[in-house]
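So the structure is just underneath, and the comments pick up after that.
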Amino acid sequence: MKWTAHAEHQLTQLYAYIAKDSVFYARHIVNSLIDRSVLLEEFPASGRVVPELGDETVRERLVYSYRLICQIRDNDIQVLALIHQRQHLDADDIPRSQ
């Protein structure tokens, strides 16, 4: 399991945003997102295909109000992005490996 720099940056920004109101909840949500990403190693095809992309190798898991978007290639899983469910997803905003 590897988080791209893009996804790590989004996770850091999410923590900072939530921590303005509650460090406790910021830690809780970030830890839940990380835990869910680790579960993908055991069940890589879990989650749904990202509707905006239609690519079987790019899947998402919903964690609270966030979409954890991952790409599965052979035995390699990368977290590509972390976005709020209400945020518009533009395919160009998600860095993918070739």
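Computation of the quantities below employed the complete heavy-atom set of this structure, encompassing side-chain atoms and omitting hydrogens, waters and symmetry-equivalent molecules. For this chain, numbers begin at 1 and follow the sequence in order.
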Rounded distance [0.5 Å steps], [atom1] in [X] versus [atom2] in [Y]:
{"X": "Q13", "Y": "Q10", "atom1": "CD", "atom2": "CD", "answer": "8.0 Å"}
{"X": "I18", "Y": "I29", "atom1": "CD1", "atom2": "CD1", "answer": "4.0 Å"}
{"X": "R86", "Y": "S65", "atom1": "CZ", "atom2": "OG", "answer": "7.5 Å"}
{"X": "M1", "Y": "C70", "atom1": "CE", "atom2": "SG", "answer": "5.5 Å"}
{"X": "E60", "Y": "L68", "atom1": "CD", "atom2": "CG", "answer": "9.0 Å"}
{"X": "Q71", "Y": "I77", "atom1": "CD", "atom2": "CD1", "answer": "11.0 Å"}

hydrophobic_cluster_shared for [Y] and [X], side chain cutoff 4.5 Å:
{"X": "Y25", "Y": "Y17", "result": "yes"}
{"X": "I72", "Y": "V50", "result": "no"}
{"X": "L53", "Y": "L40", "result": "no"}
{"X": "I69", "Y": "V79", "result": "no"}
{"X": "I83", "Y": "V58", "result": "yes"}

Can you see which heavy atom on [X] is nearest to which on [Y], and at what distance?
{"X": "A7", "Y": "A81", "result": "CB-N, 3.9 Å"}
{"X": "W3", "Y": "E8", "result": "CB-CG, 3.6 Å"}
{"X": "Q85", "Y": "Y64", "result": "NE2-O, 3.3 Å"}
{"X": "R59", "Y": "S46", "result": "CD-O, 3.8 Å"}
{"X": "R67", "Y": "P51", "result": "NH2-CD, 4.0 Å"}

Would you check if L80 and H6 make a side-chain contact, meaning some heavy-atom pair closer than 4.5 Å?
no
Can you find a pair of side-chain heavy atoms, one from L14 and one from L33, that are under 4.5 Å apart?
yes
Between I34 and L11, does the side chain to side chain contact (heavy atoms under 4.5 Å, CB included) criterion hold? Intermediate values first, please.
CA-CA 9 Å; I34 292 169; L11 186 66; 4.1 Å; yes
Tell me whether D35 at atom CG has more than 12 heavy atoms from other residues, nucleotides or ligands lying less than 6.0 Å away.
yes
Tell me, yes or no, whether the heavy-atom count around H84 atom NE2, taken from other residues, nucleotides or ligands under 6.0 Å, exceeds 12.
yes
